[in-house]
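Below is one structure, written out as structure tokens, with a few remarks after it.
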Amino acid sequence: AQRVTQPEKLLSVFKGAPVELKCNYSYSGSPELFWYVQYSRQRLQLLLRHISRESIKGFTADLNKGETSFHLKKPFAQEEDSAMYYCALSFRGSTLGRLYFGRGTQLTVWP
Amino acid sequence: GAVVSQHPSRVICKSGTSVKIECRSLDFQATTMFWYRQFPKQSLMLMATSNEGSKATYEQGVEKDKFLINHASLTLSTLTVTSAHPEDSSFYICSARGGDTGELFFGEGSRLTVL
């Protein structure tokens, strides 16, 4: 069953424009949500997690349990934000690190 | 940050042979590692949880006899694709938890091509 949905495979914006990468999940319990990023020719790395409520590199994401969403947002996109972004879910109480990923969204920020 | 290394990064083999992929945590100990599979332009699919000193836990639909996982030490997990066939061709990625925060660190991935 598809647990994490990222509806956009590709997303392009111009530098300085706001960007939102969508993520919806299906899970009846209490999930833990993450955003991972993969820059060109680099390995996957953690961007942020919902329990931290942090802003990393200007990105934020709020868990909306009513809409079962965890959209990633940045008010002013930069060229260096161009990368593949994956939303991931972990079941609270399961082995920490057991993640289920969405298919990813390729973000391109044009100059 | 912590580093997870995979070897080989690329491997090509003939159909019917077995291939071993290693995943090492270079500067930390990892009692738990995870193996993922990624098809072209698709998501990472969790295959199994590798537990040091015990049997791996496989996700539903993953053949444990096909994908043998061994986690014999705190820094090494291996994935062996047995009797590989062209449909096993894929990008295999491992991850391990490390550091004070228990953050998940990913390897660079291993691309398997079965001819």
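Naming convention: chains lettered A, B, ... in sequence-line order (proteins, then strands); numbering from 1 in each chain. Model, not experiment: these values are computed from the prediction.
Chosen from B/Ser95, B/Ala96, B/Gly107, the residue pairing most often with chain A at heavy-atom distances under 4.5 Å is B/Gly107.
Between A/Lys57 and A/Asp81, none of the side-chain N atoms (NZ, or NE/NH1/NH2) sits under 4.0 Å from a carboxylate O, so this pair counts as no salt bridge. With respect to B/Glu22 and B/Lys20, no salt bridge is recorded, no charged nitrogen being found less than 4.0 Å from a carboxylate O.
Just one of B/Thr82, B/Thr78, B/Leu79 meets the side-chain contact (heavy atoms from CB on, under 4.5 Å) condition when paired with B/Leu68; it is B/Thr82.
Only the side chain of B/Glu59 comes within less than 4.5 Å of a heavy atom of chain A; its backbone N, CA, C and O stay farther away. Contacts between B/Glu108 and chain A at a heavy-atom distance below 4.5 Å involve backbone atoms as well as side-chain atoms.
Put simply, CD on A/Gln106 and OG on A/Ser82 are 7.5 Å apart, with the number rounded to the nearest 0.5 Å.
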